[in-house]
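This structure is a prediction, so every number in the text was calculated from the model and none was measured. In what follows, every heavy atom counts, from backbone to side chain, and hydrogens, waters and symmetry copies are set aside.
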Amino acid sequence: MSADGAEGRVQMQFDDNSLLPLLFGERDRNLDRIERKLGVAVVSRGNRIAISGPSARTDVARAALSALYERLQRGLEVDAAAVDAALRLAQSRPGHPELWSEGEEIRTKKRRITARSPNQAAYLRALREHELVFGLGPAGTGKTYLAVATAVDMMMSGAIERIVLSRPAVEAGERLGFLPGDLREKVDPYLRPLYDALYDMLPGDQVMKRLANGDIEIAPLAFMRGRTLANAFVILDEAQNTTPVQMKMFLTRLGENARMAVTGDLSQIDLPPGAQCGLRDALDTLDGVEGVAKIEFTEADVVRHPLVSRIVRAYDQRDRARASARTRKSDERRS
């Protein structure tokens with residue numbers, strides 16, 4: 001592939017014609033998506049593409065198309081989500097020759113997973129480089145999914161021997177005692193998202209086999225008490241619903257050659273009124289401690305349906321407006 005450009009206009013040429021239908025998308029829908037997102041014009045003729053528009057935006061389009069072409073060369077798919085990811089990364093990394101670096105790709109038995117935003121890329125690097133990583137932010141940002149993917153990758157490579165996935169069994173005002181069934185039937189609904197992530201990365205028979213032999217363990221947070229977890233990748237999901245005592249108990253389970261990922265959304269706390277949040281307490285307590293990393297996601301990192309990002313943004317705007325109104329009323333009362 002070769003490329004050259006001038007102010008407001010970029011010409012690109014691709015060498016492998018067999019990849020172009022996948023790059024352009026059915027009826028050029030990937031090119032159309034780039035046009036809509038950036039406000040540029042993209043015209044294809046044979047193996048050439050002409051991009052015109054504001055120079056900063058044409059540079060982003062060129063970088064994104066280059067990255068998507070290289071992605072296809074490496075055997076990865078290009079869909080609408082990949083196009084959006086390439087645009088986000090190109091806008092955040094101007095002049096970066098390779099948007100998806102080696103350390104930001106995970107290979108599992110069923111798929112290859114790559115970062116879809118700068119924060120996701122930073123999160124993947126942190127999961128590989130730090131013993132304890134906090135992933136914070138709204139639903140749909142990949143906090144738990146990428147942690148599970150990293151754990152599966154490290155287990156398959158032999159870096160760790162087992163995966164332990166956990167969640168506190170306190171959500172949306174529900175209590176286990178009021179749910180029907182035995183203990184497993186009561187607990188499984190809380191842990192289902194962790195099962196879903198595993199089945200997305202490993203064949204079903206392998207998941208069942210590893211669950212049976214203990215290579216993968218999925219359990220409520222209460223089951224972690226009194227244990228030392230060595231040679232393991234340990235993930236605590238929905239950590240905003242822990243108390244400080246529970247969080248300290250969990251964090252001190254860390255054993256030799258172990259990694260921990262703690263994920264949560266501080267805007268979705270379901271603890272009883274007046275209860276202190278263990279996740280917030282841990283972040284304050286461990287700030288600056290060596291070996292600990294914190295990655296904060298925003299609605300810009302939401303990689304589910306585009307409407308999810310707009311929903312998160314709308315709730316954030318409402319919460320900010322309410323906080324501002326409370327501050328004004330407080331100031332009025334004091335004056």
Side-chain angles (χ1 to χ4, degrees), residues 1-17 19-74 76-101 104-105 112-124 137-138 140-142 296-314 316-317:
M1 183 192 70
S2 61
D4 60 84
E7 184 70 13
R9 185 174 176 82
V10 170
Q11 298 284 340
M12 303 182 71
Q13 180 175 321
F14 301 91
D15 301 327
D16 190 344
N17 288 349
L19 297 179
L20 297 188
L22 300 174
L23 178 64
F24 296 171
E26 185 179 356
R27 297 182 180 177
D28 290 348
R29 62 184 177 189
N30 292 341
L31 302 184
D32 292 342
R33 193 173 189 87
I34 291 173
E35 286 183 325
R36 292 196 308 273
K37 295 277 186 178
L38 294 179
V40 297
V42 182
V43 178
S44 63
R45 284 191 174 85
N47 67 340
R48 294 176 179 269
I49 285 181
I51 309 169
S52 58
S55 58
R57 296 181 185 180
T58 58
D59 288 343
V60 169
R62 174 174 56 181
L65 283 165
S66 297
L68 292 169
Y69 181 74
E70 291 169 8
R71 183 179 173 91
L72 289 169
Q73 289 180 312
R74 289 157 56 190
L76 296 170
E77 67 177 359
V78 167
D79 55 11
V83 173
D84 291 347
L87 292 173
R88 281 193 295 266
L89 291 169
Q91 288 171 314
S92 68
R93 300 175 173 181
H96 198 291
E98 190 174 309
L99 298 185
W100 280 288
S101 67
E104 296 162 12
E105 178 180 315
R112 295 184 190 180
I113 299 163
T114 54
R116 292 186 173 182
S117 74
N119 279 334
Q120 284 196 354
Y123 187 51
L124 286 175
T141 52
E296 296 187 63
F297 296 94
T298 70
E299 71 272 4
D301 300 297
V302 173
V303 294
R304 292 181 184 169
H305 191 286
L307 180 56
V308 175
S309 182
R310 296 196 292 273
I311 290 171
V312 171
R313 189 178 304 115
D316 285 346
Q317 289 172 348

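D301 and S117 share a side-chain donor-acceptor pair at under 3.5 Å.
Looking at every heavy atom in both residues, L72 comes nearest to L23 through CD1-N, 3.5 Å. E299 approaches P138 most closely through the heavy-atom pair N-CG, 4.1 Å. Closest of all the heavy-atom pairs between Y69 and L19 is CE1-CD1, 4.1 Å. Minimum heavy-atom separation, Q11 to R9: NE2-NH2, 2.9 Å.
With sequence neighbours excluded, the residues that form a side-chain contact (heavy atoms from CB on, under 4.5 Å) with E77 are D79. The side-chain hydrogen bond (donor to acceptor under 3.5 Å, both in side chains) search around R29 returns none, not counting sequence neighbours.
Of the possible polar contacts, none joining the Y123 side chain to the G142 backbone as a donor-acceptor pair under 3.5 Å is found.
Rounded to the nearest 0.5 angstrom, T58 OG1 and M12 CE are separated by 11.0 Å. Rounding to the nearest 0.5 Å gives a distance of 5.5 Å between CZ of F14 and CG of L65. Note that CD1 of I49 and CZ of R62 are 12.5 Å apart. Values are rounded to the nearest 0.5 Å.
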Fill in: Candidate pair I34 and I51, rule side-chain contact (heavy atoms from CB on, under 4.5 Å), full reasoning
CA-CA 10 Å; I34 291 173; I51 309 169; over 6 Å; no
Worksheet item: Run the side-chain hydrogen bond (donor to acceptor under 3.5 Å, both in side chains) check on R71 and T114 step by step: do they pass?
Response: CA-CA 10 Å; R71 183 179 173 91; T114 54; 2.8 Å; yes
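Between D84 and R33, at least one side-chain nitrogen of the basic residue sits less than 4.0 Å from a carboxylate oxygen of the acidic one, meeting the salt-bridge criterion.
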Give the table of side-chain donor-acceptor pairs shorter than 3.5 Å for residues 36-44, with sequence neighbours excluded, one pair per line with atom names and distance.
none

